[in-house]
Amino acid sequence: MSLRPTLDFLLYQWLGVESLPSRERFADHSRETFDAVLDTCERIAREKYAPFNRLVDTQEPHFDGERVILPQATHDAHKAYADSGMLSAAQDHDIGGMQLPYTVEASGNAFFAMASVSIGSGMLTTGNANLLMKHGTALQKQVFALNEFSGRWSGTMCLSEPQAGSSLSDVVTRAVPDGEGFEADPLGPRYRLTGNKMWISAGEHELTENIVHLVLAKIPDENGKLIAGTRGISLFIVPKQLVDTEGRLTGERNDVALAGLNHKCGWRGTTNTLLNFGEGKYPVRGQAGAVGYLVGQPGRGLQCMFHMMNEARIGVGMAATMLGLAGYHASLDYAKQRPQGRAVGPAGKDPAQPQVRIIEHADVKRMLLAQKAYCEGALALELYCARLVDEQHTGTPEAADDARLLLEVLTPIAKSWPSEWCLEANSLAIQVHGGYGYTRDFPVEQYWRDNRLNMIHEGTHGIQATDLLGRKVLMEEGRGLQLLAGRINDTVSRALQQPALAAHANALAAALQRVGAATRAAWANGNPAEALANAVPYMQAFGHTVLAWIWLDVALSALAHDAGQAQAATVGRIAATRYFFHYELPKIAGWLPVVEGRDPTCAELPEEAF
Ligand SMILES: Cc1cc2nc3c(=O)[nH]c(=O)nc-3n(C[C@H](O)[C@H](O)[C@H](O)COP(=O)(O)OP(=O)(O)OC[C@H]3O[C@@H](n4cnc5c(N)ncnc54)[C@H](O)[C@@H]3O)c2cc1C
């Protein structure tokens, strides 16, 4: 089973991506160039990623005291990906990029996530370099970002510390000016950093000649104290190997040391590291302290990082989605082949009859259709959000602003909904396999383990929910929520004209009203502790309403393009829509009462009662 037909339908028929080349930025493109990118990604993923997905799981990275060793397959895959030009796909032509729409870039990367999410497709490197293109100086772009886009160097994001994960305001990594004339360094004001960064993905390896760490740290005030809160956080480029202004390695190792590798549940193809900055293991010019170059203004480090958040979170949502789809496809193949049990007829089972394949059992069909509804729905949501990113960058001022605000509201869903429900899909994929699914002889248990990360990183589930109910639906006087409601109501109006979809349209309109009412009820007395105590059930209901809208819109498009032929793909999309409205959307009635009532059951339970 191939991903491509689904992707083609969503990109070209549903989202109309073919029209993007009418915009100046994408004028050199056409459906042919988009297809060529997708073909290349599909091929590299098939040849260099998929065959090694189990290998990178069983041969996890290890540290021999000097070097981190990764399988040769990871080196080969990394090289093939960098050679494809995908690291700089969205960049300007004049720096070697393709000026590709983000929607197409994200679609191309989907193939890699599905084939082997943990070998990785340079998401961190691209994110790191994109940030520098936005906030770095001309020389920082030239030296660091461009060498990352070419694949010569790779990038990390060093935010978390052992004691500061969700609460980044508590980071304690320090950055102090590096001697006289520190401000005049051509690579940026030069500091010395000391501190520990935990959980850093791709923090140490030998896939590339250098690693460009982007590090959040605090510059102490005149009394040597760190400023409390996020205001004190600045951002620094800390290369593993020091470089000159031409981007050549100077031969000096920076004072960044691997303290150890974390041994993960899944996603094992990527190293995960505890890094010590400035402990003196690799003194620079006779002195402990990692050399770092300030990016942007002091105290504005988190703002620089936030610039990257939407795309990073869509990337996480996409990874979760593709792992879900990988499990769906594997379990669908299995269910078509596995004989077990007999059909139940009006007179019960007839043991004289041959066995049927498990795909013929209603309950197995239920598990397959649930996976399809979760994962293809999530893919549509991610691509819709990616298309909003393109609108934000290339639309008219009004359309760009609407896209910006819609993304604010949708991003917590784009990150969290697939992380929860495509993980559930992976669990169902195991279930379809029965006992075989619980062994390492089949791929589905690995998909679940790999996917389990996504509810944790890039803002945990709880933090995303707080962001949605505590900030996003309220911001700019609720205008983002109103914009979203406008789009949902537009789909509802169109679906009401279609007899096959009218009942779903009414159900969606009712769900939207209920979510709006719950939002108001949660904030009725303006007490954040009460409003946010049930933020996760709120996010679940909000997310299911968004997905119901996405499916209804996809169904409208499927029917319009099918023109009454009842092709199998259309029948499947309409069935997934129906599944979502019959089996999933009603769940919001279970989630929202505790939100509306600001139910204190969990919040008020004293510790000793647990
Ligand atoms: C495999 C992996 C890769 C990672 N890669 C990177 C990376 O490259 N760079 C990087 O900087 N970080 C990375 N991280 C770190 C990741 O972002 C953090 O694990 C995450 O932010 C959570 O922080 P924590 O682990 O300290 O958990 P905590 O913040 O201690 O959270 C523990 C639990 O408490 C909840 N909680 C915490 N605060 C609140 C609150 N205020 N209200 C309600 N609930 C709350 C959380 O939701 C969570 O369920 C990675 C993590 C992993 C596991």
Side-chain angles (χ1 to χ4, degrees), residues 56-57 60-61 117-120 122-128 131 154-173 193 195-205 211-217 229-230 233 235-236 238 240 256 258-275 277 301-302 304-306 308-309 312-313 315-316 319-320 323 412 415-416 419-420 423 449-471 528-540 602-603:
V56 298
D57 185 60
E60 37 174 346
V117 78
S118 76
I119 289 180
M123 194 168 93
L124 284 164
T125 299
T126 310
N128 173 313
L131 185 154
S154 57
T156 71
M157 296 285 189
C158 302
L159 293 75
S160 309
E161 298 180 1
Q163 81 299 339
S166 300
S167 176
L168 289 173
S169 58
D170 294 306
V171 302
V172 293
T173 296
L193 277 73
N196 313 108
K197 289 289 175 181
M198 183 54 162
W199 305 119
I200 305 310
S201 295
E204 182 59 62
H205 55 74
I211 302 176
V212 180
H213 301 292
L214 279 180
V215 183
L216 291 182
T230 53
I233 300 178
L235 181 66
F236 300 87
V238 183
K240 172 181 161 186
V256 184
L258 177 69
L261 293 174
N262 292 311
H263 301 288
K264 291 177 286 180
C265 162
W267 211 298
R268 293 180 177 162
T270 306
T271 55
N272 190 271
T273 58
L274 171 59
L275 297 178
F277 288 81
L302 260 194
C304 294
M305 282 283 182
F306 277 135
M308 296 312 309
M309 294 291 183
R313 288 177 174 167
V316 170
L323 281 163
K415 192 268 170 186
S416 298
S419 300
E420 180 170 3
L423 180 71
R449 283 186 291 108
D450 287 351
N451 216 349
R452 189 61 189 82
L453 171 61
N454 290 314
M455 283 173 77
I456 297 171
H457 68 161
E458 270 300 329
T460 63
H461 221 50
I463 296 298
Q464 295 293 338
T466 307
D467 185 43
L468 178 69
L469 180 55
R471 212 164 69 82
E530 286 187 21
L532 299 178
N534 296 297
V536 166
Y538 175 81
M539 182 169 74
Q540 289 172 309
C602 306

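Just so you know, ligand 1 is whichever comes first in the structure, and atom 1 is the first atom listed for that ligand. Quantities reported herein were computed from a predicted structural model and do not represent experimental measurements.
Looking only at heavy atoms of the protein, atom 20 (C) of ligand 1 is closest to Ile456 O, 3.7 Å. The closest protein non-hydrogen atom to atom 7 (C) of ligand 1 is Trp199 O, 3.3 Å.
Per-atom contact check: atom 37 (C) of ligand 1 touches the protein, criterion being a heavy-atom distance below 4.0 Å. Protein heavy atoms are found less than 4.0 angstrom from atom 29 (O) of ligand 1. Inside a 4.0 Å radius of atom 34 (O) of ligand 1 there is not any protein heavy atom. Distance check on atom 9 (N) of ligand 1: some protein heavy atom falls below the 4.0 Å cut-off. Distance screen at 4.0 Å: atom 52 (C) of ligand 1 has a protein heavy-atom neighbour inside the cut-off. Of the protein's heavy atoms, at least one falls inside 4.0 Å of atom 3 (C) of ligand 1.
Checked by atom type and distance alone, the side chain of Thr270 never pairs as donor or acceptor with a backbone atom of Ala202 at under 3.5 Å. A donor-acceptor pair under 3.5 Å is formed between the side chain of Asp450 and the backbone N or O of Trp267. Between the side chain of Arg268 and the main chain of Val56, no donor-acceptor pair closer than 3.5 Å is present. Under a 3.5 Å cut-off, the side chain of Thr271 and the backbone N or O of Glu204 do form a donor-acceptor pair.
Distances below 4.0 Å separate heavy atoms of Met157 from the following atoms of ligand 1: 7 (C), 8 (O), 9 (N), 10 (C), 11 (O). For ligand 1, the atoms sitting less than 4.0 Å from at least one non-hydrogen atom of Lys264 are 1 (C), numbered in the order shown with element in parentheses. Contact atoms of ligand 1 toward Asn272: 1 (C), 2 (C), 3 (C), 4 (C), 5 (N) (distance under 4.0 Å to a heavy atom of the residue).
In the candidate list Ser166, Gly459, Gly266, Ala202, Ser166 is nearest to atom 31 (O) of ligand 1, counting heavy atoms. Across Ser160, Cys158, Ser201, heavy-atom proximity to atom 16 (C) of ligand 1 is greatest for Ser160. Selection from Ala312, Ala164, Gly165 by nearest heavy atom to atom 23 (O) of ligand 1 gives Gly165. The closest non-hydrogen atom to atom 39 (C) of ligand 1, taken over Asn262, Ile463, Thr460, comes from Ile463.
Glu161 places a side-chain heavy atom less than 4.5 Å from the side chain of Val172. Between Met157 and Ile200 the shortest side-chain heavy-atom distance does not fall below 4.5 Å.
Taking distance alone, with nitrogen or oxygen atoms compared against 3.5 Å, Ser167 stays at or beyond that limit from ligand 1.
Under the side chain to side chain contact (heavy atoms under 4.5 Å, CB included) test applied with Ile211, the options Asn128, Thr156, Thr125 reduce to a single match, Thr156.
Of the N and O atoms on the side chains of Ser154 and His205, at least one donor lies less than 3.5 Å from an acceptor on the other residue.
Rounding to the nearest 0.5 Å places OG of Ser419 at 7.5 Å from CE of Met455.
With a heavy-atom cut-off of 4.0 Å, Leu453 touches ligand 1 through its side chain alone.
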Output, in order, the C-alpha distance, side-chain angles, deciding distance and verdict of side chain to side chain donor-acceptor pair (under 3.5 Å) for Ser201 and His457. CA-CA 11 Å; Ser201 295; His457 68 161; 5.7 Å; no
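The pair Lys264-Glu60 does not count as a salt bridge, with every side-chain nitrogen at least 4.0 angstrom from each carboxylate oxygen.
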